[in-house]
Undergrad: 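Take this structure first; my questions come after.
Convention: sequence-line order gives letters A, B, ...; per-chain numbering from 1. Just so it is clear, the model here is predicted, and its values are computed rather than measured.
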Amino acid sequence: MGAPRQAIPGAAGFFARVYAAVRSIPRGHVATYGQVALWLGAPRGARAVGWALRALRPENEACVPWHRVVGRGGRISLREGAGPRLQVRRLRAEGVRFVEGRVDLGRHGVRA
DNA sequence: CCTATGACCGTGA
DNA sequence: CTCACGGCCATAG
């Protein structure tokens, strides 16, 4: 395991493709990890997408709207630290509506 | 090439 | 509905 040495916006290969896909998510909208994986041509690579986002550092998180990526059903996948609350706060700031603690995908989910 | 880890997902109990 | 299991993928040693 272990965190990637350098996950940068200009990263090569998979990470870069994940970041590019996440940047394409419009403001006020969200996509699921599985959906992002699908865009990359890896229908089963949702977990790898999570890995790429986890690798984001404070320096580069600014150029990647990671908060627009949620788990299946609109659930927040972050579990520890200030992450979960920060993600919710940022989404609500973009006008994203939460229902029963989950993002209303019918209203804010990006369409395949 | 091996195993271990994780911001996942689908399925079945 | 929730929970546990197994499978997937990329990356680190």
Undergrad: List in chain and number order the residues that pass side chain to side chain contact (heavy atoms under 4.5 Å, CB included) with A/Ala48, two or more places apart in sequence or in another chain; answer none if no residue qualifies.
TA: A/Phe14
Undergrad: Which residue pairs pass the side-chain hydrogen bond (donor to acceptor under 3.5 Å, both in side chains) test when at least one of the two sits in residues 91-102 of chain A, sequence neighbours left out?
TA: A/His67-A/Glu94, A/Arg68-A/Glu94
Undergrad: May I have the distance from A/Leu56 (atom CG) to C/dT11 (atom P), rounded to whole angstrom?
TA: 14 Å
Undergrad: Write out all pairs satisfying side-chain hydrogen bond (donor to acceptor under 3.5 Å, both in side chains) with one or both partners inside residues 103-112 of chain A, taking only residues at least two apart or from two chains.
TA: none
Undergrad: Work out how far the P atom of C/dC8 is from that of B/dG12, and round it to whole angstrom.
TA: 15 Å
Undergrad: Which residues satisfy the salt bridge (Lys or Arg N to Asp or Glu O under 4.0 Å) test with A/Arg90, sequence neighbours excluded?
TA: A/Glu61
Undergrad: What is the distance from CZ of A/Arg79 to P of B/dT5, rounded to the nearest Å?
TA: 16 Å
Undergrad: C/dC9 P sits how many Å from A/Phe15 CZ, rounded?
TA: 16 Å
Undergrad: Scan nucleotides 10-13 of chain B against the protein and return all N/O pairs shorter than 3.5 Å with their distances rounded to 0.1 Å.
TA:
{"residue": "B/dG10", "atom": "OP2", "partner": "A/Arg72", "partner atom": "NH1", "Å": "3.1"}
{"residue": "B/dG10", "atom": "N7", "partner": "A/Arg72", "partner atom": "NH1", "Å": "3.1"}

Undergrad: Would you check if the side chain of A/Gln87 reaches a backbone N or O of A/Val69 as a donor-acceptor pair within less than 3.5 Å?
TA: yes
Undergrad: Considering only heavy atoms, which members of residues 29-47 of chain A lie under 4.0 Å from some atom of DNA chain C?
TA: A/Arg44, A/Gly45, A/Arg47
Undergrad: Rounded to whole angstroms, how far apart are CD on A/Gln87 and P on B/dC8?
TA: 10 Å
Undergrad: Rounded to the Å, how far apart are A/Leu53 CG and C/dA10 P?
TA: 15 Å
Undergrad: How long is the line joining CZ of A/Phe14 and C1' of C/dC8, in whole Å?
TA: 11 Å
Undergrad: Would you name the heavy atoms of A/Pro26 and A/Val110 that are closest together and state the gap between them?
TA: CD-CG1, 4.0 Å
Undergrad: Starting from C1' on C/dA12, measure out to CZ on A/Arg54 and report it in whole angstrom.
TA: 11 Å
Undergrad: Is there a side-chain contact between A/Leu86 and A/Trp66 in this structure, where contact means two heavy atoms from C-beta onward sitting under 4.5 Å apart?
TA: yes
Undergrad: Please determine whether residues A/Phe98 and A/Val70 belong to a single hydrophobic cluster, defined as Ile, Leu, Val, Met, Phe, Trp and Tyr linked transitively by side-chain heavy-atom distances below 4.5 Å.
TA: yes
Undergrad: Check whether A/Arg79 reaches the backbone of A/Ser77 with its side chain - one donor and one acceptor, N or O, closer than 3.5 Å.
TA: yes
Undergrad: Atom CH2 of A/Trp51 and atom P of B/dG6: how far apart are they, to the nearest Å?
TA: 7 Å
